[in-house]
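Starting from 1, each residue takes its place in the sequence as its number.
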Amino acid sequence: MTETTTPCRVCGEAITPDRAATCDNCQEPFHLRTRQDQDGDDCGNVWINDQYLSLEFVCNVCLGKAGEEPAIGEAH
Ligand SMILES: [Zn+2]
Ligand SMILES: [Zn+2]
């Protein structure tokens, strides 16, 4: 098995080039729809920085939405 694609940090699935984004916080790749007609779930978010007018990409892990199990009832 050869893996030439980098897995998404959030969901662990391979990322196709047309869905790839890099988190500006952790520098890891994640899924993001780059066109509105694409189906599927995004693994992060993007918005325009008002100050620099640049796109900021942040994965769901850094947003605190995914990748971490709820700590409730965690046993050691
Ligand atoms: Zn993903
Ligand atoms: Zn991140």
Would you call [X] and [Y] a side-chain contact if the rule is heavy atoms closer than 4.5 Å?
X     : Y     : answer
Arg9  : Cys62 : yes
Cys59 : Cys26 : yes
Val10 : Asn60 : yes

Hits for side-chain contact (heavy atoms from CB on, under 4.5 Å) against Leu55, two or more places apart or cross-chain, chain-then-number order -> Val46, Ile48, Phe57
Results of side-chain contact (heavy atoms from CB on, under 4.5 Å) for Gln38 - residues two or more places apart only:
Asp18, Arg19, Arg33, Thr34, Arg35
Check which hydrophobic residues are tied to Tyr52 through side-chain heavy-atom contacts below 4.5 Å, counting indirect links as well, and list them.
none
Which distance, rounded to the nearest 0.5 Å, do you find between the [atom1] of [X] and the [atom2] of [Y]?
X     : Y     : atom1 : atom2 : value
Gln27 : Thr22 : CD    : OG1   : 7.5 Å
Ser54 : Asp24 : OG    : CG    : 7.5 Å
Asn45 : Lys65 : CG    : NZ    : 5.5 Å

Are there over 12 heavy-atom neighbours, none belonging to Asp39, within less than 6.0 Å of that residue's CG?
no
Side-chain (His31) to main-chain (Ala14) donor-acceptor, under 3.5 angstrom:
yes
For [X] and [Y], which heavy atoms make the closest approach, and how far apart are they?
X     : Y     : value
Gly12 : Pro7  : O-CB, 3.6 Å
Gly44 : Phe30 : CA-CE1, 3.5 Å
Ile15 : Cys8  : CD1-CA, 3.6 Å

